[in-house]
Chemist: 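One structure, pasted below without further comment.
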There are 2 protein chains.
Amino acid sequence: MGTNDEELRLPVQVGVAFLLAQLGAHGAGRFAERIAELDLTPPQAGLLRMLAAAPGRSQRELADQLGMPPSRFVPFADELEQRGLIERRRNPEDRRLYALYLTDQGFVLLARLAEASAAHEREMCQALSPDERREMKALLERVAEQQGLGRGVHPGFRRLRPGHRPG
Amino acid sequence: MGTNDEELRLPVQVGVAFLLAQLGAHGAGRFAERIAELDLTPPQAGLLRMLAAAPGRSQRELADQLGMPPSRFVPFADELEQRGLIERRRNPEDRRLYALYLTDQGFVLLARLAEASAAHEREMCQALSPDERREMKALLERVAEQQGLGRGVHPGFRRLRPGHRPG
DNA sequence: TATTGTTATACTCTATAACTATA
DNA sequence: TATAGTTATAGAGTATAACAATA
């Protein structure tokens with residue numbers, strides 16, 4: 001149709017920041033598609049990983065770390081509980097709190113999730129040699145640290161749903 | 001409060017894909033905050049740049065490239081038109097079509113937008129030396145090309161609004 | 001009185017689908 | 001009849017705020 005790059009005239013500076021945003025969104029979308037086969041959304045995957053890493057935390061804490069209000073966390077956790085992936089136990093010392101844990105089924109799914117993450121990592125790094133991949137990772141880590149980002153669940157998880165294939 | 005990294009036990013593999021998603025989301029959010037000072041959202045900025053690069057296109061084409069349905073594009077363009085940034089002209093050859101152009105005011109704002117983009121680029125690359133920055137850009141470009149991403153407006157623009165500061 | 005978890009409500013955002021005008 | 005643009009509507013998703021139980 002002739003709607004190609006030749007039409008671009010102004011200095012469309014494609015810098016590092018744009019590439020990061022573009023690749024980040026693309027990768028997050030691909031990851032969402034991949035784990036949709038496990039019937040998981042990115043926030044759900046994030047919660048499973050959080051519970052594996054630090055079991056027994058309260059809903060309030062988990063909701064805070066996921067960046068969602070407690071009122072939204074409740075149905076969010078309900079679904080995973082009904083699917084038998086997580087478990088709510090009352091904290092006997094403070095009976096206002098629930099303590100959330102992964103079930104055995106949850107651990108099984110977590111293993112499959114780890115597989116999917118590894119496959120996603122390989123897919124995203126196809127273009128790079130092992131050395132380049134290490135180099136890229138080192139540079140990204142430097143930038144992330146300087147930008148004040150920790151190793152937790154990243155905020156882009158929050159709004160993602162699979163099936164938003166860009167044209 | 002003791003809710004720190006030491007609690008993490010499982011192999012939380014922080015790979016290239018995760019870092020890209022995390023940094024992409026962070027950068028997109030910071031950019032949205034920055035251009036909010038110009039009263040622009042990322043999709044609005046994207047349209048201004050598209051019109052600068054390829055003037056006179058129809059709403060349908062622009063909506064497609066931005067990944068939004070035509071029904072959503074209408075009020076989206078309305079606002080920018082009312083602010084005097086863009087202009088709708090009837091296409092005399094096919095009077096069903098509008099041709100969209102930047103106004104003089106639109107070009108003025110575009111220049112300020114370019115400044116903001118450059119500042120954002122500097123902010124995101126603070127941790128890197130000039131050489132490292134070139135290296136990073138080259139690696140990102142390779143990955144983006146291999147992943148089939150063009151130089152157009154990236155899909156992450158679609159859902160972003162400023163003011164979603166992550167905790 | 002303060003906090004956890006929960007429910008209810010109201011609101012924003014969005015896509016789908018009807019509608020018009022031009023072709 | 002097909003397409004560009006527009007409008008209307010209905011649905012999903014969300015946060016805010018009220019509520020109950022426990023501290």
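So you know, we letter chains A, B, ... as the sequences are listed, proteins then strands, and number each from 1. Because the structure is predicted, anything quoted here is derived from the model rather than measured.
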Chemist: How many whole angstroms separate atom CD of E93(A) from atom C1' of dT4(C)?
Modeler: 16 Å

Chemist: Between C1' on dA8(D) and CZ on R72(B), what's the gap in Å once rounded to a whole number?
Modeler: 17 Å

Chemist: Let me see the working for E132(B) and R134(B) under salt bridge (Lys or Arg N to Asp or Glu O under 4.0 Å), right down to the final yes or no.
Modeler: CA-CA 5 Å; E132(B) 288 168 333; R134(B) 273 186 288 274; over 6 Å; no

Chemist: Between dT14(D), dT14(C), dT6(C), which nucleotide gets closest to the side-chain atoms of P70(A)?
Modeler: dT6(C)

Chemist: Can you check the N91(A) CG to dA23(D) C1' distance for me, whole Å?
Modeler: 12 Å

Chemist: Expressed as a whole number of angstroms, how long is the span from F76(B):CZ to dA15(C):C1'?
Modeler: 17 Å

Chemist: For R88(A), answer base if it contacts any base atom (sugar-phosphate contacts may also be present), sugar-phosphate if it contacts only those atoms, and nothing otherwise; contact means non-hydrogen atoms under 4.0 Å.
Modeler: sugar-phosphate

Chemist: Any base atoms under 4.0 Å from F73(B), or only sugar-phosphate, or nothing? Heavy atoms, all strands.
Modeler: nothing

Chemist: Could you tell me whether S71(B) contacts a base, only the sugar-phosphate backbone, or nothing, with contacts defined as non-hydrogen atoms closer than 4.0 Å?
Modeler: base

Chemist: Taking only residues at least two apart or on different chains, which pairs with a member in residues 90-101 of chain B satisfy salt bridge (Lys or Arg N to Asp or Glu O under 4.0 Å)?
Modeler: D94(B)-R96(B)

Chemist: Rounded to whole angstroms, how far apart are CZ on R89(A) and C1' on dT4(C)?
Modeler: 19 Å

Chemist: Within this structure, what is the CZ-CD1 distance for the pair F31(A) and I35(A), rounded to the nearest 0.5 Å?
Modeler: 4.5 Å

Chemist: Side-chain contact test, heavy atoms from C-beta onward, threshold under 4.5 Å: evaluate it for Q105(A) versus R83(A) and give yes or no.
Modeler: no

Chemist: Would you indicate which nucleotide in dA4(D), dT22(D), dT16(D) comes nearest to any side-chain atom of R60(B)?
Modeler: dA4(D)

Chemist: Testing E121(A), E123(A), E115(A) for salt bridge (charged side-chain N to carboxylate O under 4.0 Å, His left out) with R34(A), which one passes?
Modeler: E123(A)

Chemist: For the pair made of OH in Y98(B) and C1' in dT20(C), what is the distance, rounded to whole Å?
Modeler: 12 Å

Chemist: When the distance from CD of E81(B) to P of dG5(D) is rounded to whole Å, what number comes out?
Modeler: 13 Å

Chemist: Select from R96(A) and R90(B) the residue whose nearest nucleotide in DNA chain D is closer to the 5' end of that strand.
Modeler: R90(B)

Chemist: In whole Å, what is the span from the CG atom of D94(A) to the C1' atom of dA23(D)?
Modeler: 6 Å

